[in-house]
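Below you'll find the structure, written out as structure tokens, and then a few comments.
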Amino acid sequence: MKKAIVWFRNDLRLHDNEVLFEALSWADEILPIYIFDPRQFANHELGFPKTGHHRLQFIQESVQDLRLNLQDLGADLIVRTGHPEDVLFSLARYHEAFSIFCQEESCSEERAVEDKLVANMDTIEGEVNFYWGFSLLHYEDLPFKLTAVPEQFTIFRKKVEKDFRIRPTFPSPEKLTVIPGVDSGEIPAGDELIRHSEEPVTPETKLEKVKGGETHGIIRVKNYIWETGRIAQYKETRNGLLGTDYSSRFSAWLAHGCLSPRQIYYEVKKYEQEVESNPSTYWLIFELLWRDYFRFMSLKHEDEIFKAGGIRKSGIGGYQDAMSFHRWAEGNTGIPFIDAAMRELLATGYTSNRARQNVASFFVKDMKMDWRIGAAWFESQLVDYDPASNYLNWNYIAGIGNDPREGRYFNVLSQAKRYDPTGAFVKHWIPELRKLPSSRIHTPFHLNEVEQEYLTIRLGQEYPRPCINLKDWRALKKKSHY
Ligand code: FAD
């Protein structure tokens with residue numbers, strides 16, 4: 001009897017899952033398992049959890065959805081809490097299932113777990129079979145070695161687009177035979193894993209959260225591509241800030257593997273054949289290539305992506321001031337565009353790409369803070385956090401990553417006026433500023449005493465004064481690229 005353990009990691013789906021497909025092809029019985037690793041929920045030194053409650057909730061929903069989908073096939077998902085290298089090793093020994101199948105990861109913490117698991121399994125002559133499944137392109141299909149992935153995205157893209165072949169998807173299983181008699185285990189509650197798990201959401205923000213799981217991911221793909229055809233305007237709308245439909249919102253499902261990038265790719269290709277092919281349909285794939293690119297960069301540069309000098313090893317520093325950090329993280333910098341985005345992130349675990357670029361740039365270039373603290377906060381809060389995309393986007397914004405342009409600077413005031421011209425985004429997330437006319441919404445710090453009195457918005461009371469020196473800011477703005 002051939003037995004296999006299928007360890008679900010960031011591949012929480014049945015469709016296009018090579019790990020599951022290969023395990024089922026080889027084994028007579030499988031043991032599908034998800035493990036909550038307490039190390040992923042520990043506190044950062046600044047006191048917030050590595051995985052905040054938004055992502056935890058998304059993971060819990062995704063695990064529950066996977067469990068239900070497996071139950072529909074006559075199986076179940078075993079759930080445990082512990083160190084995967086130990087939990088899997090014990091299960092392998094107990095059930096004499098000496099083959100483990102799982103997805104290969106690219107960053108150091110995850111790879112350290114893989115190494116320990118392999119070492120444990122070696123002691124019982126077991127084996128761990130790794131499959132690459134996170135990106136659209138397989139790294140074996142790249143026209144260069146991983147050590148030679150170009151440092152500029154455009155060069156990478158042009159080279160891979162020359163002979164663009166995406167591997168076919170794997171079929172979803174129709175039936176599963178599991179190792180019998182294994183206690184399925186409970187999905188742990190939030191407060192068992194992280195200390196502060198109450199959710200600071202208002203009724204209106206609840207609507208803007210995405211729900212975890214393959215089922216909801218697939219519904220979103222159908223809706224975004226087929227039912228509403230919003231994909232056909234993606235390039236024009238993708239810099240939006242308010243609502244849920246200006247961009248695809250696929251990111252959280254992709255990050256946890258509830259959606260496969262290949263499945264999305266083939267859905268877009270079908271839409272192009274059956275409905276229309278335009279710059280927007282191309283641009284969605286283009287963005288998926290950014291995701292791939294950062295994944296491959298993380299394989300190439302390993303731990304450098306987390307270090308102060310980033311992949312350029314250029315050693316930039318920055319303040320590590322807790323009070324400034326809290327003003328930024330809680331949306332109290334006194335710059336409405338930044339505060340709106342940070343409050344959205346805090347309330348929902350998501351903010352748009354445009355907003356992310358601005359708040360990150362403001363943190364590094366205007367507040368002159370250590371980028372790693374900002375990145376760690378994003379890691380905690382983002383529902384779509386993935387180490388490569390997060391840290392390499394921060395590297396990029398901090399000027400120590402893959403940006404070919406030196407000294408890029410986002411002028412957050414002109415960005416605010418351009419992307420939030422009516423102030424609707426600011427008014428949505430900062431109710432105390434709703435009384436301000438659109439012409440003043442982004443610059444409450446310019447209101448004089450009489451205007452503040454008239455509008456009943458006193459700076460330093462209802463809304464904070466700016467946390468940066470505006471005189472320095474004007475000097476910086478002269479260097480702006482946006
Ligand atoms: P869409 O605009 O619809 O794009 C489609 C998909 O392409 C996304 O779902 C995502 O998978 C991918 N994508 C788009 N832009 C990028 C990008 N710049 N880098 C990598 N992939 C991209 N994205 C994450 O998935 N996880 C992160 O941890 C993350 N951290 C970020 C940190 C910073 C400082 C910045 C500036 C960006 C970060 N992004 C991250 C990228 C981007 O902001 C999000 O992928 C995007 O906002 C998700 O919304 P969407 O799914 O609607 O994206």
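In each ligand, atom 1 is the first atom listed, and ligand 1 is the first ligand listed. This one's a predicted model, so the numbers in the text were calculated from it and none came from an experiment.
- Counting atoms of ligand 1 from 1 in the listed order, those under 4.0 Å from a heavy atom of Leu254 are 9 (O), 11 (O).
- For ligand 1, the polar-atom distance check finds an N/O of Arg249 within less than 3.5 Å of one of the ligand's N/O atoms.
- A salt bridge links Asp37 to Arg39: at least one charged side-chain nitrogen sits closer than 4.0 Å to a carboxylate oxygen.
- Regarding atom 42 (C) of ligand 1, its nearest protein heavy-atom neighbour is Asn353 OD1, 3.3 Å.
- Closest protein heavy atom to atom 20 (C) of ligand 1: Ser389 OG, 3.5 Å.
- Electrostatic pairing of Glu287 and Arg238 counts as a salt bridge here, judged by a charged N lying under 4.0 Å from a carboxylate O.
- Near Phe294, with a cut-off below 4.0 Å to any heavy atom, the atoms of ligand 1 are 19 (N), 20 (C).
- Checked for salt-bridge contact, Glu267 and Arg262 miss the test: no charged N lies under 4.0 Å from a carboxylate O.
- Between Arg55 and Glu61, none of the side-chain N atoms (NZ, or NE/NH1/NH2) sits under 4.0 Å from a carboxylate O, so this pair counts as no salt bridge.
- A centroid separation of less than 6.0 Å is found between the aromatic rings of Tyr224 and Phe250.
- Applying the 4.0 Å criterion to heavy atoms of Trp394 picks out, from ligand 1, the atoms 34 (C).
- The side chain of Leu382, and not its backbone, has at least one atom closer than 4.0 Å to an atom of ligand 1 (non-hydrogen atoms only; side chain from C-beta on).
- Considering backbone and side-chain atoms alike, Trp290 places every N or O at 3.5 Å or more from each N or O of ligand 1.
- Among protein heavy atoms, the minimum distance from atom 25 (O) of ligand 1 is reached at Asp384 O, 3.5 Å.
- Contacts between Asn390 and ligand 1, counted as non-hydrogen atom pairs separated by less than 4.0 Å, involve both the backbone and the side chain.
- Between Tyr293 and Asn402, the closest side-chain pair of non-hydrogen atoms falls below 4.5 Å.
- Scanning the protein for heavy atoms near atom 3 (O) of ligand 1, the closest one is Ser248 OG, 2.6 Å.
- Evaluated by nearest non-hydrogen atom to atom 46 (C) of ligand 1, the leading choice among Gln381, Arg356, Arg230 is Arg356.
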- prompt: Can you list the steps and then say if Arg295 with Glu105 is a salt bridge (charged side-chain N to carboxylate O under 4.0 Å, His left out)?
  reply: CA-CA 9 Å; Arg295 236 330 119 140; Glu105 283 290 336; 3.1 Å; yes
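- Looking only at heavy atoms of the protein, atom 45 (O) of ligand 1 is closest to Ser251 CB, 4.1 Å.
- For Tyr234, the closest heavy-atom approach to ligand 1 falls below 4.0 Å.
- Salt bridge Asp370/Arg372: present, at least one basic N to carboxylate O contact under 4.0 Å.
- In this structure, Asp384 pairs ionically with Arg356, as a charged nitrogen and a carboxylate oxygen lie closer than 4.0 Å.
- Residue Tyr350 has at least one N or O atom closer than 3.5 Å to an N or O atom of ligand 1.
- Taking only non-hydrogen atoms, the option from Lys235, Gln357, Arg220, Glu287 nearest to atom 12 (C) of ligand 1 is Glu287.
- Residue, atom and distance of the protein heavy atom nearest to atom 33 (C) of ligand 1 are Asn393 CB, 3.4 Å.
- Heavy-atom contacts of Arg291 reach the following atoms of ligand 1: 11 (O), 20 (C), 21 (N) (cutoff under 4.0 Å).
- Nearest residue to atom 52 (O) of ligand 1 from Ser247, Ser361, Gly240 is Ser247 (criterion: closest heavy atom).
- Residue-ligand proximity: Tyr246 is placed with every non-hydrogen atom at 4.0 Å or more from ligand 1.
- Judged by distance alone, with hydrogens and angles left aside, the side-chain atoms of Ser438 form a donor-acceptor pair with the main-chain N or O of Thr422 at under 3.5 Å.
- Remark: Arg220 engages Asp245 in a salt bridge, criterion side-chain N to carboxylate O under 4.0 Å.
- Lys269 has a carboxylate O that lies under 4.0 Å from a charged side-chain N of Glu272, or vice versa, which qualifies the two as a salt bridge.
- Among protein heavy atoms, the minimum distance from atom 6 (C) of ligand 1 is reached at Leu288 CD2, 3.9 Å.
- Contact check on Asp141 versus Arg165 returns no salt bridge, with no Lys/Arg side-chain nitrogen under 4.0 Å from an Asp/Glu carboxylate oxygen.
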